Amino acid sequence: ERAFNSGILEFRRYLKYNQHTVRGLIREKDGTIFDGVILTDKEDENRVSQILEVELGLPLEKGDLILWNDEHWLIYRSTTSSYQPHQKFYMVKCNYYIKWVDNGVLKESWVYLLGSKDSKIKDNFRTWHNVITPQPNKYINLILPHVTMPINTEIMVLDEVWYLVDYDQNSVPG
């Protein structure tokens with residue numbers, strides 16, 4: 001317990017004097033303003049992602065949108081260890097703003113969009129309504145905060161409409 005409390009105090013000093021500390025980050029869900037250390041994530045060179053370290057007790061969770069430098073960032077992963085005197089998250093820079101209609105109500109969200117890439121032949125055939133159907137070579141994947149969205153929902157990205165054909169049911173909440 002003494003080592004853990006010492007670690008918390010050490011992180012507070014680290015947060016206060018580190019050159020990578022960013023002040024005035026905003027959690028969009030509720031407007032919570034907080035400070036955090038933001039470090040470059042070298043795990044994936046194909047996307048702009050960062051590591052966010054914050055004090056324990058801040059109400060951050062996977063799926064939260066963070067406003068930093070007038071840009072929207074989505075927390076997509078967190079780490080936990082037995083001795084962690086701070087919270088550590090991985091976040092990705094949102095690159096598109098999507099819209100869709102849900103029961104007559106226009107919904108909107110910032111998302112991280114991955115465009116279609118060279119695909120294998122098997123990727124061109126997917127199950128849709130329990131029938132194997134050929135799919136066009138053009139498709140996108142979205143990572144967004146958790147929302148309820150029925151299959152076949154029309155999603156507007158810029159000036160193009162896409163149909164939701166599948167979603168990940170195995171991910172963590174958020």
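FYI, side chains are in, hydrogens and waters are out, and symmetry mates aren't considered; it's all heavy atoms of this structure. Computed from a predicted structure; not experimentally measured.
Looking at residues two or more places apart in sequence or on another chain, you find no ring-ring contact (aromatic ring centres under 6.0 Å, His included) involving Phe4. Scored by the side-chain hydrogen bond (donor to acceptor under 3.5 Å, both in side chains) test, Glu160 finds Lys138 as partners (sequence neighbours excluded). Checked against side-chain hydrogen bond (donor to acceptor under 3.5 Å, both in side chains), Trp110 has the following partners two or more places apart in sequence or in another chain: His72. With sequence neighbours excluded, the residues satisfying side chain to side chain contact (heavy atoms under 4.5 Å, CB included) with Glu108 are Tyr97, Lys99, Leu106. With sequence neighbours left out, the side-chain hydrogen bond (donor to acceptor under 3.5 Å, both in side chains) criterion links Asp30 to Arg27, Thr32.
Exactly one residue among Leu142, Leu74, Asn141 makes a side-chain contact (heavy atoms from CB on, under 4.5 Å) with Val111. That residue is Leu142. Of the listed residues (His86, Arg12, Gln87), just one forms a side-chain hydrogen bond (donor to acceptor under 3.5 Å, both in side chains) with Glu55, and that residue is Arg12.
Within the 4.5 Å cutoff, the side chain of Glu61 has no heavy atoms near those of the Ile75 side chain. A 4.5 Å side-chain heavy-atom check between Leu65 and Cys94 finds at least one atom pair inside the cut-off. The shortest side-chain heavy-atom distance between Ile38 and His20 does not fall under the 4.5 Å cut-off. Using a 4.5 Å heavy-atom threshold, the side chains of Tyr112 and Asn95 count as touching.
Residues Tyr167 and Ile151 share a closest heavy-atom pair of CE2-CD1, 3.2 Å. Heavy atoms only, all atoms of each residue included: Trp68 and Met91 are closest at CE3-CE, 4.0 Å. Closest of all the heavy-atom pairs between Thr148 and Asp102 is O-OD2, 4.1 Å.
Cluster note: Val105 groups with no other residue, as no ILVMFWY side-chain heavy atom lies under 4.5 Å from it.
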